[in-house]
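Working notes for the structure below.
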Amino acid sequence: MSLAGESNGAGVGAAPAREKTSPESEVVIDCHIRELYYGTFKAVRDTTIPIVKKSITAFIGPSGCGKSTVLRCLNRMNDLVRGFRFEGHVKYGGQDIYLPSVDPVAVRRYIGMVFQQPNPFATSIFNNVAFGLRLNGYKGDVGERVEQALKQAGLWEEVKDKLHKSGLSLSGGQQQRLCIARAIATQPGVLLMDEPCSALDPVATRKIEELMLELKKRYTIAIVTHNLHQAQRVADRTGFLYVDTTQGGRTGYLVEFGESAQIFGDPQEKHTKEYIRGEFS
Amino acid sequence: MSTTADILETAETTVCQPPSRWQVIADRTFRTACHTFAWVTVIGIVFIVARIILAGVPAMREYGPGFLTGTTWDPNKDAYGILPEIWGTLYSSILSLIIGTAFGVAAAIFLSEGYLGEFVFGALRVFNLHFHPFWTHLPQRLEDLLRNLIELLAAIPSVVYGLWGIFVVVPAIRPVCNWLHLKMGWFALFSTDLSGPGMLPAVLVLSIMILPTITAISRDALTSVPPKLRMAAYGLGATRWETIFAVILPTASRGVFGGVVLAFGRALGETMALAMLVGNSNRISVSLFSPANTLAALLANTFPEARPNEVAVLMYAALVLLAITLIVNILGAVILQQTSKSQQGAH
């Protein structure tokens, strides 16, 4: 549990000073992937993305460019894949989470995740949200925390009278907001969202987007999205990944990273320009 | 037929045509065959039950419900009671079900959660062979092998289990059992000594016999838990243990329970191995080491030399066994249905 203590929460006051770090744009996760392998397949190379506190960072790019892989790197979900190998570093609050002494389970408690498919457990709405609290051995008022999380996820009004009902009885969009509530109930330092709207209809998508902008005030968010407009609407910073097929494989790498306004308004790289103009997908 | 073709024929070049006479006949024949076979099964079951009831009627008239509570079985005095056998059947089945479920579900988790594969993968990595073309598939292959081995347990004939029990299990556990009896004889479970066949060896062998059923069905249930639920639990920072016990097992509980019910049915009806191992002694005892008897063993042992009157009595006993099995299966189905209501949409 070497992650406990000072690195708890998003407040990384003890983080060492870095260049490009001003007080209002504090880097919570400093991610540098030199090479990332699944088995013998090189999935991602040369990608450096800083995740800034209380902002939304979006990863965009064509299918198979490794943007989800990069995101799952940030809370060591990739460790669950047999044959995963990583070179580089991911520093959360100044501490490298890939050090052998760091327990991946601890990392995932501080860095929460919302998945592409809504995946509530086959239990009540209340128990779904309380799951993380119980994992962390929360001793306080669980009910209060659950209510707070559901309110922050904008789901409270819809479910407050049926908290004991199965989480699976909700609609797709509600399920996804339930999953967001579940992830933020423990107030993690960072919230990772892997294409959270790709399984939802436009109305539900819009709701989640509004929710993200609301959550940004409290949480640090990194999101992977297929939807360029979504990135444009919600993200403060955007990284564009592209897939490199020149060396035989399909290796993703970061082409360009910057403020969303700059990436979408004035992209510097040829690939970024083409992608944003919609010349390939 | 031709009229249909005339109506539907729209273009000169079309290759569409109504089903030929042969296709229609084949379809009807197949449907009739399916119906026949399905009904033959049903009629077969009804016929068997009816025959047993008919053959047992004389005994039912003579002994009535007292047959179920009687404790003596003496053909010379025409005194028949099967309470010890009912007790022995339920006691041995429930004990073996407890052991079989514990080991069976544990094995299913071991097989479905990739523990073995991970271990093998780790071992290969030590020699830096984990991506070698020859060795890459070894983790998966070993998992398959282990699974097939466990399922192969179901292919061993019952009588072989019985022999194995007599010649291996009984001698192996006897010293331990007698030591337990000597030291802890005050404890009801150890209140007699094990002189040879008895409840415990029967239970041990029976639990091995029902293990493949539980493992195979539980494993299927566990692997069919959607991976996204697993990811959700891991993503919240659950350890593997927490993921398995708080998410995966509850989600798969229906399937696991179904396997347990099926195994219970098998344990109740298991005959040969128990007839060889349980001791065929007409007594009711909670002691694990005491010889006992089960309904199936009673039937198997007594039928060959039964007199006409005794055959009717045995048919009555068979009917009781049938009823117990039926009740267990119906109860299982009801519980399954109840749980399925609370878990709708889990998959």
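No experiment lies behind these values; they were computed from the predicted model shown. Naming: A, B, ... by sequence-line order, numbering from 1 per chain.
- Of the possible polar contacts, none joining the B:Thr243 side chain to the B:Ala233 backbone as a donor-acceptor pair under 3.5 Å is found.
- Using a 4.5 Å cut-off between heavy atoms, A:Arg182 contacts chain B through both its backbone and its side chain.
- Heavy atoms closer than 4.5 Å to chain B are found in both the backbone and the side chain of A:Phe121.
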- Item | Verdict with reasoning, A:Asn78 to A:Tyr38, per side chain to side chain donor-acceptor pair (under 3.5 Å) | CA-CA 9 Å; A:Asn78 282 329; A:Tyr38 288 130; 2.8 Å; yes
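- Chain B forms more heavy-atom pairs under 4.5 Å with one residue of A:Met77, A:Arg72, A:Arg76 than with any other, namely A:Met77.
- The most heavy-atom pairs under 4.5 Å with chain B, out of A:Thr186, A:Thr123, A:Asn136, A:Asn119, come from A:Asn119.
- The existence of a salt bridge linking B:Glu113 and B:Arg230 is confirmed by a sub-4.0 Å separation between a basic side-chain nitrogen and an acidic carboxylate oxygen.
- Note: A:Phe86 and A:Tyr98 have parallel aromatic rings, judged against thresholds of 30 and 60 degrees for the angle between ring planes.
- Ring geometry for B:Trp164 versus B:Tyr161: interplanar angle over 60°, hence perpendicular rather than tilted (30 to 60°).
- The contact between A:Pro118 and chain B is made entirely by backbone atoms, counting heavy-atom distances below 4.5 Å.
- A pairwise comparison of heavy atoms in B:Leu268 and B:Thr325 identifies CD1-CA, 4.0 Å as the closest pair.
- Only the side chain of B:Phe121 comes within contact range of chain A, judged by heavy atoms closer than 4.5 Å.
- Using a 4.5 Å cut-off between heavy atoms, A:Leu192 makes no contact with chain B at all.
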